[in-house]
Amino acid sequence: MDADSLSYIFLNAAIINNFVLALFLGICPILGVSGKLGTAFPMGVASAFVMLIASLAAYGINIVLGYFELEFLSLIAYIAVIASAVQLVEMVVKKFSPPLYRALGIFLPLITTNCAILGVALFQTSYEYDFLQSLTYSLGAGAGFILAIVLMAGLREQVDLADVPSVARGAAMSLMLAGVLSLAFMGFAGLGG
Amino acid sequence: MGMLSFLSGRSFPRGITPPGRKAQTRTEPIRRLSFAPRMVLPLTQHFGKPARPLVQRGQEVVRGEPIAEADGWHSVPLHAPVTGSVEGIELMPTARGPKTEAILLRTHPGDSQTVRWAQPQDLGALSRRQLLETIQAAGIVGQGGASFPSHLKFDVPEGRAVDTLVVNGCECEPYLSADHRTMIERTEDVLAGVRLGMQALGAPQAVIGVEDDKPDAIAALEGAIEPGEPIRVGILRAKYPQGSEKMLVRSLLGREVPSGGLPYEVGVVVNNVGTMAQLGYLLPRGEALIERIITVAGPGVERPGNYRVPVGTPLRYLLEEVGFEGDDPSRIILGGPMMGNTVAFLDVPVTKGVSGVLVMPEAAQAGEGREAQPKPCIRCGRCVEVCPVGLNPAELGRLAAKRQYEVMEERFHLNDCFECGCCSYVCPSDIPLVQYFRIAKALNRERAS
Amino acid sequence: MAAKREQEPITMDTFLSGLWRENPVFVMLLGMCPVLAVTNTTENALAMGLATTFVLVCSTGLVSILRDFIPKEVRIASYIVIIATFVTVVDYAIQAISLEIYNALGAFIQLIVANCMILGRAEAFASRQPLGKTLVDALGVGAGFTLALLCLGTVRELLGAGEILGVQVFPDGFEPWVIMLLPPGGFFVLAGWLLLFAWLKERQNQRAAAAKEATADGR
Amino acid sequence: MAPRIELKTSPHIKQADSVERIMRTVVLALLPVCAFSVYQFGLSALALMATTTLTCVLTEQLFNRLSGRPSTIGDFSAVITGLLLALTLPPAFPLWMAAVSAFVAIALGKALFGGLGYNPFNPALLGRAFAAAAFPEAASTWTQAGLPERFSELLPSTLAMPFMRPESVDAYTTATPLAEWKFEGGIATDTWALFTGMTPGSAGETSALLILVCGLFLIARNAMNWRVPVAVLGSAALTAGGFYLLDPGHFPSPLFVLFSGGLMLGAFFMASDMSSSPVTPAGIWIYGALIGFLAVIIRFFGGLPEGIMYAILLGNAAVPLIERIAQPRLYGLRRGRSG
Amino acid sequence: MSAADSTQAPQAPSPTSSLRLVFTLGLIALCSGLLVVSVVEWTRPIIADNHERALQQAVFDVIPGAVERRDFVLTEQGLVPKEETDARGEVIHAGYTEDGALAGIALEASGRGYADVIRILYGYDPACECIVGMSVLESQETPGLGDRIETDPDFLGSIEGLDASLTEDGTELKHGIRTVDPGEREEPGDIDGITGATVSAEAIGDMLHRSANKQLPQLQGHWSELERNE
Amino acid sequence: MDSALTQIALAGAVMASLGILLATILAVANRRLYVYEDPRIDQIEDLLPRANCGACGVAGCRPFAEELIAGRIDPARCTVNSAELNQQIADLLGVSVGDQERLIARLACAGGTHVAATRARYEGLKSCRAAALVAGGGKGCVWGCLGLGDCEVECGFDAIELNRYGLPIVDAERCTGCGDCVEICPKDLFSLQPESHRLWVNCRNKDPQDEAKAHCEVVCTACGRCAADAPEGLIRMEENLAVIDYSKNDLASPVAIERCPTGAIVWLEDGQPRRGAGARKITRKEPLPRMEPLPRV
Ligand SMILES: Cc1cc2nc3c(=O)[nH]c(=O)nc-3n(C[C@H](O)[C@H](O)[C@H](O)COP(=O)(O)O)c2cc1C
Ligand SMILES: Cc1cc2nc3c(=O)[nH]c(=O)nc-3n(C[C@H](O)[C@H](O)[C@H](O)COP(=O)(O)O)c2cc1C
Ligand SMILES: Cc1cc2nc3c(=O)[nH]c(=O)nc-3n(C[C@H](O)[C@H](O)[C@H](O)COP(=O)(O)O)c2cc1C
Ligand SMILES: Cc1cc2nc3c(=O)[nH]c(=O)nc-3n(C[C@H](O)[C@H](O)[C@H](O)CO)c2cc1C
Ligand code: SF4
Ligand code: SF4
Ligand code: SF4
Ligand code: SF4
Ligand code: FES
């Protein structure tokens, strides 16, 4: 598969170099919000949505800053725009759809400080993706993030019912699960290559 | 035969086939048990409100006389099983545990103990409602185990038509053969009961479901049904829990009682053959339910068999009569080995709903399967493969161990479990699944109220 | 409530709590991405730790100074901009100091911006506390973060390459455990440290309980 | 003195089967596979099995001791893990690495999750995946089958010093049929040889025939859910068949896919591990189909020649999600009154 | 405030004036911009220097004997020093020995490895028509396995002096470059593979082949332009 | 140099405009999309223990905070919180803390294994709930504690521990009065009692005297001595049990317990039950032998 083809970009971001399990981005929510499938999935969806916003914002910012040759400001610009966009989305959701806010909104502030979001913006810039590619990349990354957090949540729910020794409860268990998941995802290395 | 009936679909999915172990009693004709010197008659022997005592301490009663009246429509009266005197009304232990009020009768020794209280009636002339009242007055409750008042069961709500009376002659529990003997020896009573039941329900037809391991019962019933009568015998594959009404309705008619619903919602009412025999025998004579047929069996019983036992006979007396020595530690089980309950007090009497008494000495239990410490579930999935209701006992068990009872109910349909015990029976890890589910249901019920 | 705390003096405890008792990585589980991603060598771990500490100290300091000036509505946005500024500064500084380290740390320098630990400290501490205390706290937390990174870095480098800080430790012919340098290794080593701490703590508790039992002689 | 009446909840009778019996049956079924492995690869394979099994059992004991639980080595499950781990490793795998992997298999794969029945991942495969990632070179170095001196000497890499790089075994190395197909552009092994098993590969994966027979024995003894192998193999055959029809020149035939590599061993002995597979029949179908599909996709399009190990681990990871959607059909939910 | 009052919800805290918000954030952003730009301006030359030195080092690594470097771009007018043109195109780093003679050129190549794209720089000596060295600029290959393409002596050794001569008509490589199993080199263009890192090693051979096969024919006839002409 | 200056100026300008733009958007959004939420909810929640135990009778700490603000509940209803923090909440809201008397779980059974007989051996899950469902659990006294510790497991505050005789002992300091034990006990032996109720009947057995004494050595036999000694109307006999009328709690004193022959009625001192002087001394430590299950008919 061609490394620049949209399908490869999507697969790469979602599975082969999964943001969470291979690139170590967005670990905090993966450890924090993956206790229950019921919350993990909305969290994943909310993150994926913000990734999309971040990707679009970064694309725009790159054009503007590229025009002024001020690329070094990109980081500040990305994060400022992402943070504001998230805040805005939060307000809008809170105002117009309280049920949705209760389901997703509480995660939104958390997402601002999620590496995966900024990661999308930074990586698509460094890969010099064009608009469609950026879009695909962010969608892939979002799908990968949802996959990872949902798998984690499922496993954690299952392990919650297990007779886990006290020392392994909590964060250590989540990390072990993430480690094994990441080990299993290594099977996808080189896929499509 | 089994193979063929499987092909003809006369069964339900999943379930188990434990060894029948009925040889001990199935060929024994029904015998009468002598009268115990003291009878214990709890005021609640049925599902519903307790009966109200009509007698006082010291009062003399004759056999068949009402000693407690029904407290409303959701209750049934109680009748004296012996001629004797009222010793008192006291708290007495029950099979379930807590003590409840019971009338104690001292049997008159030397009395002939014939029924002296009967009010024969012309049943054909009665309206449906009157027929139901007659059934209630006779104190009849389901003989299949749940002790549900029969008149209530026949009292189908307005607007619900019942097209079939299903009669439960499966007796799928190992060891038990009381229904089997009833069908053979009291065929006419059963059929008379069925006809009365159809009359009470206004049901145009009746099906008697019998498992294929009771060919003699099938032959007896088929022989006794009058030609052209809308009653037929449905032959079913011997499989546990074929006798559960939900499974039976599925096997016989291909209908499924809705989850959380009752059989009449699919046009069916299910009754045990024993109940039918009681109806058919008692109503025309105007007598009341004061004795029943019980299988007494198990490795610890010297004279196993099917006995006609007065209601109220304490277990201690019954067991002595059948030659139980009581040297070994034993489980005394009311009902069958799959669903029956052990008792803690031998003062507990035989009540209207008890269909069998099993005695399992410790020594014999080895042969009946191990008793071992529960081990963690290995997720073998056997329980899922046998649960006739389509539950996931493995998941339920894990949740129960972590006391997540609400999740069990909300996501895994705990309340659909009818505690048949198939899952516990097959679990190689010896997990007391049914026990978990009972706790969970009890707690959920309490928390909801 | 905040007012009550403000009176408390700066103590060693302020520093130590960030370093150990409320260690951002082992206890609070914050800022996990760099902890896992850049700890395949001790050197990277150290560089990342120092860079993060620098950003942490500078930005929380600034936030503390400006805390009464920034209105609540634009609080987050302002903090983020401040943090991002220092991150960009560090980013360029590292490029100037050593390209090798810069390449090894990759995007994770820029990702310091998204390190929840920093925003968390800015929000929870710096925006309510005076400068001095904020700085001590930031140093403590930064040191705790660096310590955690080093904990991972040394183990991973030792088993993954047989070296520590580039110095060969195992004799020639050592078979490196490649997994230590791979993503799963990061997760496992961190899990391992947490297990170790939990185990030590449990043992300590058991000892304490046993000691109490011995003195109290039961009921 | 105990009271003489006993109280117990129903049911009062039980089927005579137990976890120990199931596990013993699996060990029994594995023995022929092990024996064939020794016949094929000699003493090295034997030493490998002994090492992993012993380490697994000791690790299990150690963790039971540490967490104050009763000993569980009597249930044989650690033996199974040890044997299966050995069967999935290259015969010349250095023993010290095998011991490390076995330790990881039980410690990380089982004990820390709470022991028997609670492990969300197949412990043996977790150990194998750890080995592949930690010692990738040793884990992908295959020796020829049927070397003449195999019963008299160990392969030189087997006895590598702990923590040290094993001696090169270039003299005996060869490519597995799968690697040949993937990296050398062709299938050089005929299907019958694959089926019977005198080919290079992991210690126990080579004879499809033997695995099939032993697996059927397990099914007959009700020690394994028959749906697992059927689903895995069926799905793998279908996926591979689809690609084969699309481009027979590029993709190998489904028969090659089924009988080469660890697919058979995985389908019969490893995907079927009960703790890490779904409990519901519908779940098992989905799970098996997922594994078969992923295994073929990784083989055909991934960077590695073999994908069954990762496919099973990924399948394990998906089990909780699968169980979310694949619960049995509840009685009385659909069918209403038929009349 | 009386107790009764307090159970009444307080008025929403009066929102800060919008102007103030705009002003604050604007000011902070302005300061931040100024701070960053000054740091950038200050470090810019140092960073450029760092990059330059890194490149230099890499070029010298792959061209044995080179001590000086000049960059060219192939344009329509032939090879033009990079400083003198805006034309974009493959950069050719020429390396010169101490006495000013052309020691070889360094070219970049890239391709998919096991994990991700690998970027390499390789040296070519027109004198021997062979590849003289290779170094990896960027790779995500598995440490200890795939990254042995940077360290494996047999592998690197077989690249040094690897035949890259062109056919008579100068349109393509005479012997294709490829990676074969270790110890199985037969053709002049064969590279020793690395056990356990087959994919990575093959990727290198493949990218060398593609790059050389494309670039060398184009450079044919331009070699003289690389000779120093001051 | 010139270009560097323009760059600096440009950078400043771009950043400033970005900042202004974002701030404007946020400011506008803030106006347009404002949703009011009482800020005191957060403040109070900060002061609550966040145990979400439900002891206060509300679903969790945040709902409790909302109830507090609405003035529907007193701060003192949170029994887990320290008095000091509750005072802070009260101050914040300008209300009084409330004088909720502390409720503590109390057990109405003293029949440990050394004094109470068993009738049948229970096999199965080590759970009182489970045992109670199997014919009541096999203890001689059908009202008594089964000693399998469901309450101990259920108590989220580690306030209950079974003693060596299988009787749950409540640690009054830890008990928050959440009522979980009350709910879980299948024999309904726990109840939440104000600390001031110091006279306490430690039994629920309703059996007549002779039978009761066969079951348990510390049973209340309804002999009536306590009622006779206590002030008029404080204690009465109902269903073979002494019953204390706590509306007359002010009259209670230790005299009532002095002549109790079994020690079924106790006087609590610092949470520890004191038995009367007339109570039979129990020195046995081993479990009581089982009851004979098969006496003559
Ligand atoms: C698992 C299970 C098994 C049952 N087996 C029988 C049985 O074998 N025979 C029977 O008459 N009732 C059996 N029952 C009870 C029936 O469901 C139903 O209550 C009974 O047939 C109704 O008749 P009755 O009211 O006349 O007792 C069983 C119930 C359950 C839950
Ligand atoms: C609350 C309640 C109401 C019932 N009402 C009816 C009814 O109206 N009609 C009926 O046929 N059976 C009724 N039943 C009886 C059940 O259908 C069933 O026969 C009884 O619960 C025992 O069945 P089992 O032994 O299979 O559990 C009722 C049962 C319960 C618990
Ligand atoms: C964790 C892991 C990492 C791997 N990394 C690489 C790699 O970086 N480069 C590579 O060519 N192969 C890599 N592989 C694949 C195998 O080591 C090897 O290429 C494959 O098995 C072919 O084996 P052969 O060299 O014996 O033909 C990796 C495999 C695993 C399990
Ligand atoms: C059919 C079957 C297959 C099994 N496969 C494995 C396996 O692949 N790996 C393993 O560690 N244990 C296996 N076991 C053993 C056992 O399930 C394993 O030790 C548990 O997973 C540990 O909790 C298997 C057991 C059975 C019955
Ligand atoms: S007891 Fe309940 S869960 Fe178990 S098999 Fe029967 S119905 Fe299913
Ligand atoms: S039968 Fe027992 S061991 Fe098997 S899945 Fe069910 S509960 Fe688990
Ligand atoms: S008090 Fe109740 S819950 Fe507690 S041990 Fe006794 S019976 Fe069990
Ligand atoms: S469970 Fe009972 S003992 Fe424990 S805190 Fe709640 S009320 Fe107190
Ligand atoms: S550091 Fe927290 S999500 Fe990456």
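In the text below, chain A, chain B and the rest are named by the order of the sequence lines, each starting its count at 1.
- Scanning for side chain to side chain contact (heavy atoms under 4.5 Å, CB included) contacts around B/Ser355 gives B/Leu176, B/Arg292, with sequence neighbours left out.
- Ion pairing of B/Arg382 with D/Asp17 is present here, as a side-chain N (NZ or NE/NH1/NH2) and a carboxylate O approach within less than 4.0 Å.
- No side-chain heavy atom of D/His12 sits less than 4.5 Å from a side-chain heavy atom of B/Leu358.
- At a 4.5 Å heavy-atom cutoff, the contact between D/Ser277 and chain B is made by backbone atoms alone.
- Proximity of B/Arg14 to D/Pro328: side-chain heavy atoms (C-beta onward) are separated by under 4.5 Å at one or more points.
- Here B/Ser424 pairs with nothing under the side chain to side chain donor-acceptor pair (under 3.5 Å) rule; sequence neighbours left out.
- The minimum heavy-atom distance between B/Asn392 and D/Thr280, with the atom names listed, is ND2-CG2, 3.7 Å.
- Proximity to chain D involves both the backbone and the side chain of B/Met338, based on heavy atoms less than 4.5 angstrom apart.
- In this structure, the portions of D/Asn222 lying under 4.5 Å from any heavy atom of chain B include both its backbone and its side chain.
- Using a 4.5 Å cut-off between heavy atoms, B/Ala394 contacts chain D through its side chain alone, with no backbone atom that close.
- In this structure, chain D has heavy atoms under 4.5 Å from both the backbone and the side chain of B/Leu391.
- The shortest side-chain heavy-atom distance between D/Thr72 and B/Lys375 does not fall under the 4.5 Å cut-off.
- Heavy atoms closer than 4.5 Å to chain B are found in the side chain of D/Val319, but not in its backbone.
- With a 4.5 Å cut-off on side-chain heavy atoms, D/Lys8 and B/Met360 do not count as touching.
- Put simply, the side chain of D/Tyr331 gets close to the backbone of B/Lys246: a donor and an acceptor are under 3.5 Å apart.
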